[in-house]
There are 2 protein chains.
Amino acid sequence: MVRTTRQRTAVAAVFDQLEGFHSAQEVHARLRAEGDTVGLSTVYRAVQALADDGELDSIRTDTGEALYRRCSTRHHHHLVCRSCGRTVEVEGPAVERWADRVADEHGFADVSHTLEIFGTCAACRDAAAPAG
Amino acid sequence: MVRTTRQRTAVAAVFDQLEGFHSAQEVHARLRAEGDTVGLSTVYRAVQALADDGELDSIRTDTGEALYRRCSTRHHHHLVCRSCGRTVEVEGPAVERWADRVADEHGFADVSHTLEIFGTCAACRDAAAPAG
DNA sequence: CGCGCATGTGAGAACCATTGTCAACTGCGA
DNA sequence: TCGCAGTTGACAATGGTTCTCACATGCGCG
């Protein structure tokens, strides 16, 4: 049975207030800052449980760190700025179909996929090359 | 200046003999097994240098572990069996174009992307449901 | 060919995100 | 309210990766 505890509610609440992706460590720090003490292990367990429930979406950074965010209702992918981490949600129905078809052609079932696009956003490019 | 050393040659050679993705740890173990002792740190440095040079492609597993493989001439993605780990290379020029276009539309430059498709291959499905 | 030194190496420690441990705690149904 | 199974949290352990630093060596130069 899954219980509703102060800690889980607090973790879920963080993602309600936040946009974009955040690490378990960050959530933990944020709770502490708000005076809401929740153990680090508990935060990890909570975000994993939330992700299992499909309430959070997770990706991994370049360094292998796990990031989570509130899952929106529709399936989509992410365009992430390498420099500032800004994230844009993008959709591509054609890509979804393509992935399913390719998998099917190779006899694979129960198909899922991950797709992330990385680049440098305009703001960061400007910041990096201020002189021209 | 970049030097050609026994160690770097050995690491590069491993990827010549191997197909698919392999971790730095695995490369290290393989070299040891061949009697070719190369330090773990050196293997890490070598694969990173190779990846920087564009000679190796890298992805991250679900657990955050970094995997590398010899970059083939053409860009492609992977269809991976969740159960047995079998990997099939797939190409989708349309996907490439879509990713570049989407990133461009949002003002992102220097674009790259990762796309992996997961599923259960026919063999594993048969093995899992022998009676049905 | 031999010198010199900047670059590379490697054993082990450090790092850091994540997971495991386990005794104490607490929702929640009865 | 009671009981207990799920939950918590401080801390240790894990494991991949990076750092440190003294030693080794490729390679340009003479």
Side-chain angles (χ1 to χ4, degrees), chain A residues 1-15 18 20-53 55-69 80 82 85 114 116 118, chain B residues 1-15 18 20-53 55-69 80 85 114 116:
Chain A
M1 179 214 327
V2 176
R3 259 183 228 170
T4 307
T5 64
R6 175 180 66 77
Q7 291 88 341
R8 279 180 204 185
T9 305
V11 169
V14 167
F15 285 99
L18 255 41
F21 285 93
H22 304 276
S23 68
Q25 300 274 354
E26 191 180 337
V27 170
H28 179 242
R30 192 170 288 264
L31 288 172
R32 289 239 118 134
E34 290 172 1
D36 211 340
T37 51
V38 177
L40 183 55
S41 310
T42 302
V43 172
Y44 272 100
R45 281 185 297 239
V47 294
Q48 278 165 11
L50 252 16
D52 280 351
D53 281 6
E55 286 198 52
L56 293 184
D57 224 359
S58 74
I59 61 172
R60 290 223 170 234
T61 65
D62 235 25
T63 62
E65 194 180 4
L67 302 183
Y68 302 84
R69 54 162 279 167
V80 185
R82 278 198 200 83
T114 66
E116 282 146 48
F118 299 96
Chain B
M1 184 211 325
V2 176
R3 262 182 227 169
T4 307
T5 63
R6 176 181 65 79
Q7 290 89 341
R8 278 180 204 185
T9 306
V11 170
V14 168
F15 286 98
L18 253 43
F21 285 94
H22 304 275
S23 67
Q25 302 273 353
E26 191 180 338
V27 171
H28 179 240
R30 192 170 288 265
L31 287 173
R32 288 238 119 133
E34 290 173 1
D36 211 342
T37 49
V38 177
L40 183 56
S41 311
T42 301
V43 173
Y44 273 101
R45 280 187 295 240
V47 294
Q48 279 165 11
L50 253 15
D52 280 351
D53 280 6
E55 286 198 52
L56 293 184
D57 224 359
S58 75
I59 61 172
R60 289 225 172 233
T61 65
D62 233 26
T63 62
E65 194 180 5
L67 302 183
Y68 301 83
R69 55 162 278 170
V80 185
T114 66
E116 283 144 47

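Everything numeric here is computed off the predicted structure, so don't read it as measured data. Every chain is numbered from 1, with letters handed out A, B, ... down the list of sequences.
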For DNA chain D, whose closest nucleotide is more 5', that of A:S41 or that of B:S23?
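Taking each residue's closest nucleotide, the earlier one in sequence belongs to A:S41.
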Within less than 4.0 Å of OP1 or OP2 of [N], is there a side-chain N or O belonging to [X]?
| X | N | value |
| --- | --- | --- |
| B:T5 | C:dT9 | yes |
| B:T42 | C:dG10 | yes |
| A:R3 | C:dT26 | no |

Of the options [options], whose atoms approach the side-chain atoms of [X] most closely?
| X | options | answer |
| --- | --- | --- |
| A:Q25 | C:dG8, C:dT18, C:dG10 | C:dT18 |
| A:Q48 | C:dT19, C:dT18, C:dT9 | C:dT19 |
| A:Y44 | C:dT7, C:dA17, C:dG10 | C:dA17 |
| B:R45 | C:dG10, C:dG8, C:dT26 | C:dG10 |

Where do A:T61 and A:F21 land on the side chain to side chain contact (heavy atoms under 4.5 Å, CB included) test, with the steps shown first?
CA-CA 10 Å; A:T61 65; A:F21 285 93; over 6 Å; no
Going through the checks in order, is the side chain to side chain contact (heavy atoms under 4.5 Å, CB included) test met by B:L18 and B:R30?
CA-CA 11 Å; B:L18 253 43; B:R30 192 170 288 265; 3.6 Å; yes
For B:L50 and B:R8: C-alpha separation, side-chain torsions, deciding distance, then whether side chain to side chain contact (heavy atoms under 4.5 Å, CB included) applies.
CA-CA 9 Å; B:L50 253 15; B:R8 278 180 204 185; over 6 Å; no
Do A:L31 and A:V14 have side-chain heavy atoms sitting under 4.5 Å apart?
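Counting from C-beta outward, A:L31 and A:V14 do come under 4.5 Å.
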What is the distance from [atom1] of [X] to [atom2] of [N], rounded to the nearest Å?
| X | N | atom1 | atom2 | result |
| --- | --- | --- | --- | --- |
| A:R8 | C:dG27 | CZ | C1' | 11 Å |
| A:Y68 | C:dA17 | OH | P | 13 Å |
| B:R60 | C:dT18 | CZ | P | 11 Å |
| B:R6 | C:dG10 | CZ | P | 6 Å |
| B:H28 | C:dT9 | NE2 | C1' | 12 Å |

For B:T37, report the nucleic acid contact type (base, sugar-phosphate, nothing); a contact means any heavy atom under 4.0 Å.
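Sugar-phosphate, backbone atoms only, no base.
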With a 4.0 Å cut-off on heavy atoms, is A:T4 in touch with a base, just the backbone sugar-phosphate, or nothing at all?
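Sugar-phosphate contact only - A:T4 comes under 4.0 Å of backbone atoms but never of a base.
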Atom CD of B:Q25 and atom CG of B:L40: how far apart are they, to the nearest 0.5 Å?
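Answer rounded to 0.5 Å: 5.0 Å.
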Report yes or no: does A:H28 contribute a side-chain atom to a donor-acceptor pair with the main-chain N or O of A:G39 at less than 3.5 Å?
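Here the side-chain-to-backbone pair does not exist.
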Boundaries of the chain B footprint along DNA chain D (any atom under 4.0 Å from a heavy atom)
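Counting from the 5' end, contacts occupy D:dG16 to D:dC27.
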Worked verdict on A:T37 versus A:R32 for side chain to side chain contact (heavy atoms under 4.5 Å, CB included):
CA-CA 5 Å; A:T37 51; A:R32 289 239 118 134; 3.9 Å; yes
